Amino acid sequence: MAANDLLDLVADELEAAIGQTLAERRAEPARQFASRLVETDSDTALEDKSAERLGLKLAFVLLAEWHRSLRSDFDGPALVDLLSALIWLTAGVTATHGGGDPAWLRQGESR
């Protein structure tokens, strides 16, 4: 599969998961998308180690790009809300997977 085809596929699936999450007003569609993506990434990595977590990386890049492109439409309070929500999500991940230590987030940084 070509890189653009994969990007389009992940974008379409991500958009559908967001739409379904909004329509159902619950997190399960988002969890189902994430589970499928992680499972597909794991299966793909068995065949091609260089593709490890490729779908997950693409999903993160797409979400970041979509949020970045919204910045011109957002004013101060909306940007504060967005950043607060991202910090809250990151704090949750840090609590559940990083032992509650914020320094855990920077372990993979290369400067």
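Keep in mind that what you see is a predicted model, and the values were worked out from it rather than measured.
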Next item on the list: Hey, could you give me each pair passing salt bridge (charged side-chain N to carboxylate O under 4.0 Å, His left out) that has a residue in residues 55-66? Not counting sequence neighbours.
Entry: Glu65-Arg68
Next item on the list: Enumerate the residue pairs fulfilling salt bridge (charged side-chain N to carboxylate O under 4.0 Å, His left out) with a member in residues 6-16, sequence neighbours excluded, ordered by first and then second residue.
Entry: Glu13-Arg36
Margin query: Determine whether Leu58 and Leu54 satisfy the following criterion, side-chain contact (heavy atoms from CB on, under 4.5 Å), listing intermediate values before the conclusion.
Written below: CA-CA 6 Å; Leu58 288 174; Leu54 182 58; 4.3 Å; yes
Checklist line | Point-to-point distance, once rounded to the nearest 0.5 Å, from CD1 of Ile18 to CG of Leu63 | finding: 5.5 Å
Note to self: What's the separation between atom CH2 in Trp66 and atom CG in Leu14, rounded to the nearest 0.5 Å?
What the structure shows: 4.0 Å
Next item on the list: Just jot down the side chain to side chain contact (heavy atoms under 4.5 Å, CB included) partners of Ala34, sequence neighbours excluded, or say none.
Entry: none
Next item on the list: List for me each residue that meets side chain to side chain contact (heavy atoms under 4.5 Å, CB included) alongside Leu83, sequence neighbours excluded, and say none if there are none.
Entry: Ile87
Next item on the list: List for me each residue that meets side-chain hydrogen bond (donor to acceptor under 3.5 Å, both in side chains) alongside Arg26, sequence neighbours excluded, and say none if there are none.
Entry: Glu24
Notebook entry, point to check: Are Leu62 and Leu6 connected, step by step, through hydrophobic side chains (Ile, Leu, Val, Met, Phe, Trp, Tyr) whose heavy atoms are closer than 4.5 Å?
Noted result: yes
State, to 0.1 Å, how close [X] and [Y] come at their nearest heavy-atom pair, and which atoms those are.
X: Thr21; Y: Ala30; result: OG1-N, 3.3 Å
X: Leu37; Y: Ala59; result: CD2-CB, 3.8 Å
X: His67; Y: Leu82; result: CD2-CD1, 3.1 Å

Check: Got a sec, which pairs hit side-chain hydrogen bond (donor to acceptor under 3.5 Å, both in side chains) with one end in residues 76-105, sequence neighbours left out?
Finding: none
